[in-house]
Amino acid sequence: MSLVFPMYVAGAQGASGSTTVIPGGSSGRGSHQLACVAECPRKWMLRYIRRMVPAGEPSFRLIGTLVHLELSYWYAERMKETPKWFYATPVDEALAVAGSGQPDQIELCRQVCAQYTETYSNEPWEPLFVEKEFRARVGDLDPDGPDATLDDEIVTGRMDLVVKTRVGTQEYVYIVDHKCTGGGWNKDKLPRWTDENEYRVPWQSMIYLHLLRHHLKGTGQHVEGFIINRVKRTRNQYGKFDFDRHVLKIPTEPYNRVPRTVRELVAEERAVKRGLERGEMPRANFFNCFGRWGPCDYTHLCCASDENQRAALLGLPVPVLQGLTPEEQEVQRLFYPPQTYTTRK
């Protein structure tokens with residue numbers, strides 16, 4: 001049976017409708033979205049066109065979200081010109097909204113960040129941008145590339161932090177990306193840093209460097225590189241968290257190739273959209289259903305046995321229940337899973 005997901009999307013439940021302003025969030029067309037269309041066109045459609053997200057968030061993801069959020073407030077307060085979102089919503093309110101129903105995770109976040117801010121209270125970083133989205137045309141990043149109709153397409157990147165620091169008499173600008181992790185093999189410290197790790201060819205970092213260098217072109221500010229700012233979310237045997245920082249070694253050839261890859265991925269997005277307009281279901285790359293962090297968010301939907309089960313996953317009326325008495329419906333619901341997905345703004 002074909003998977004006709006679009007028929008269910010219109011009735012999926014939306015977000016809470018809260019007017020609370022929280023910094024960050026997904027970028028307009030960022031590195032994750034571009035990578036997703038190559039990873040699995042169907043996943044890309046569900047996440048970025050239908051805007052479906054899991055109704056619940058695993059605790060290890062939530063604590064990372066909360067730590068990013070609180071650090072954004074800490075750095076924003078230290079900027080020469082504080083961003084508007086800083087005043088729109090107090091940090092406590094932002095944490096309460098982002099961590100709704102998970103007070104233990106909010107408390108853990110406060111403890112992690114309290115030790116972090118104490119550790120780095122005298123750091124030489126001057127925050128220039130916090131949770132700011134940078135934008136560029138495909139044609140600006142990849143001039144003279146094939147298919148000029150793609151030149152005006154916009155690529156974006158929302159960066160955790162951009163700082164200026166001084167080395168001797170020279171000032172440098174760095175992009176900083178916060179990474180929250182559970183710790184290393186010995187449980188006391190972060191995993192040992194090596195050059196042969198997941199950041200060996202850092203796709204997101206390379207796009208961000210292109211975007212920021214384009215943004216600062218002609219300003220006299222030199223974007224030196226990209227820093228991974230690691231935060232350990234679990235305590236060691238002494239009740240302490242662990243932090244460290246590393247400047248990435250950006251490989252020259254992949255970095256130079258990124259703008260053309262961006263153009264190619266934007267072209268692939270366009271092809272999937274045109275297929276959807278013709279009523280075609282995007283291809284599912286089933287070899288990517290299980291990754292580093294476990295199964296894809298949409299595995300349940302792809303593996304649903306029939307339309308009734310898919311409707312139940314989306315929180316919609318299950319067709320087979322229509323026409324049954326309330327008692328019969330209650331019995332039938334035992335065979336269908338609870339709502340698993342919702343839509344985001």
Side-chain angles (χ1 to χ4, degrees), residues 24-49 51 128-129 131-164 172-177 195 197-228 247-278 280 282-283 285 288 291:
S26 58
S27 187
R29 183 192 264 150
S31 60
H32 295 301
Q33 177 172 333
L34 290 171
C36 187
V37 75
E39 177 189 352
C40 180
R42 184 175 296 174
K43 176 180 178 180
W44 176 86
M45 180 271 291
L46 292 169
R47 177 168 294 172
Y48 297 105
I49 299 299
R51 301 189 69 76
L128 299 178
F129 305 102
E131 292 290 350
K132 179 175 175 59
E133 181 180 76
F134 295 90
R135 303 163 61 87
R137 296 169 59 253
V138 169
D140 292 331
L141 299 180
D142 182 37
D144 304 321
D147 191 354
T149 65
L150 296 169
D151 284 353
D152 289 333
E153 295 284 345
I154 300 298
V155 178
T156 66
R158 186 182 301 278
M159 303 179 192
D160 291 348
L161 177 65
V162 177
V163 301
K164 180 170 63 176
Y172 296 101
V173 173
Y174 285 92
I175 300 170
V176 179
D177 198 35
D195 292 334
N197 59 18
E198 61 186 298
Y199 305 110
R200 182 67 182 89
V201 186
W203 165 247
Q204 181 187 51
S205 307
M206 293 188 292
I207 290 183
Y208 281 9
L209 285 168
H210 278 285
L211 287 171
L212 187 61
R213 284 167 177 163
H214 172 72
H215 178 78
L216 295 180
K217 186 177 180 180
T219 66
Q221 298 188 82
H222 175 69
V223 183
E224 179 66 14
F226 196 102
I227 294 173
I228 297 295
V247 179
L248 296 184
K249 296 180 179 178
I250 304 298
T252 302
E253 198 282 329
Y255 175 80
N256 292 338
R257 183 62 174 75
V258 159
R260 183 58 50 86
T261 302
V262 166
R263 179 183 290 272
E264 293 164 353
L265 293 174
V266 170
E268 190 166 347
E269 284 188 341
R270 177 184 289 183
V272 174
K273 287 179 181 178
R274 288 177 175 173
L276 286 169
E277 292 169 358
R278 295 190 297 267
E280 299 172 3
R283 181 186 74 253
N285 290 343
N288 280 331

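The first residue of the sequence shown is numbered 1, and numbering continues consecutively from there.
Contact detail for Pro259 and Asp142: the closest heavy-atom pair is O-CB, 3.7 Å. Glu269 approaches Arg29 most closely through the heavy-atom pair OE1-NE, 2.7 Å. Here the closest non-hydrogen pair linking Pro282 and Arg42 is O-NE, 3.2 Å.
A donor-acceptor pair is defined here as one N or O able to donate and one able to accept, closer than 3.5 Å; no such pair exists between the side chain of Arg283 and the backbone of Cys40. Side-chain atoms of Thr156 come within 3.5 Å of backbone N or O of Gly28 as a donor-acceptor pair.
Atoms OH and CG, from Tyr174 and Leu161 in turn, are 13.5 Å apart once rounded to the nearest 0.5 Å. Residue Asp160 holds its CG atom at 7.0 Å from OH of Tyr208, rounded to the nearest 0.5 Å. Distance check, rounded to the nearest 0.5 Å: CG of Leu265 to CG of Leu150 gives 11.0 Å. To the nearest 0.5 angstrom, Trp44 atom CH2 is 6.5 Å from Gln33 atom CD. Taking CZ from Phe226 and CG from Leu209, the interatomic distance works out to 7.0 Å, rounded to the nearest 0.5 Å. Rounding to the nearest 0.5 Å gives a distance of 6.5 Å between NE2 of His222 and OH of Tyr172.
Residues Ile227 and Leu248 fail the side-chain proximity criterion, which asks for heavy atoms closer than 4.5 Å. No side-chain heavy atom of Val176 sits less than 4.5 Å from a side-chain heavy atom of Met159. Proximity of Pro254 to Pro202: side-chain heavy atoms (C-beta onward) are nowhere separated by under 4.5 Å. Using a 4.5 Å cut-off on side-chain heavy atoms (C-beta onward), Ile175 and Ser205 make no contact. Side-chain contact between Glu224 and Val173 is absent, with no heavy atoms from C-beta onward closer than 4.5 Å. Between Asn285 and Glu39, the closest side-chain pair of non-hydrogen atoms is not below 4.5 Å. Put simply, the side chain of Val37 does not reach to within 4.5 Å of the side chain of Tyr48, judged on heavy atoms. Val138 is not listed as a side-chain neighbour of Asp152, based on a closest heavy-atom distance of 4.5 Å or more.
Ring geometry for His215 versus Phe129: interplanar angle over 60°, hence perpendicular rather than tilted (30 to 60°).
The number of heavy-atom neighbours closer than 6.0 Å to CZ of Arg137, taken from other residues, nucleotides and ligands shown, is above 12.
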(message) Could you walk me through whether Leu34 and Val266 satisfy the side chain to side chain contact (heavy atoms under 4.5 Å, CB included) test, starting with their C-alpha distance in whole Å, then the side-chain angles of each, then the deciding distance to 0.1 Å, before giving a yes or no?
(response) CA-CA 7 Å; Leu34 290 171; Val266 170; 3.9 Å; yes
(message) Could you go through Arg270 and Thr149, starting from their C-alpha distance and side-chain angles, then the distance that decides it, and tell me whether this counts as side chain to side chain contact (heavy atoms under 4.5 Å, CB included)?
(response) CA-CA 11 Å; Arg270 177 184 289 183; Thr149 65; 2.9 Å; yes
(message) For a side chain to side chain contact (heavy atoms under 4.5 Å, CB included) check, start with the C-alpha distance between Val262 and His210, then their side-chain angles and the critical distance, and finish with the verdict.
(response) CA-CA 11 Å; Val262 166; His210 278 285; over 6 Å; no
(request) For Lys43 and Arg47, run side chain to side chain contact (heavy atoms under 4.5 Å, CB included): C-alpha distance rounded to whole Å, both residues' side-chain angles, the deciding distance at 0.1 Å, then the answer. (result) CA-CA 6 Å; Lys43 176 180 178 180; Arg47 177 168 294 172; 3.8 Å; yes
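Note on Arg260 versus Glu264: no salt bridge recorded, every NZ/NE/NH1/NH2 to OD/OE distance being 4.0 Å or above. In summary, Glu280 and Arg274 do not engage in a salt bridge, as defined by a charged side-chain N under 4.0 Å from a carboxylate O. Under the 4.0 Å criterion applied to side-chain N and carboxylate O atoms, Arg200 and Asp195 are not assigned as salt-bridge partners. With respect to the salt-bridge test (charged N to carboxylate O, under 4.0 angstrom), the residues Lys273 and Glu268 do not qualify. Salt bridge absent: Glu153 and Arg263 never bring a charged side-chain N and a carboxylate O closer than 4.0 Å.
Checked against the 6.0 Å centroid criterion, the rings of His214 and Phe134 do not qualify as a close aromatic pair.
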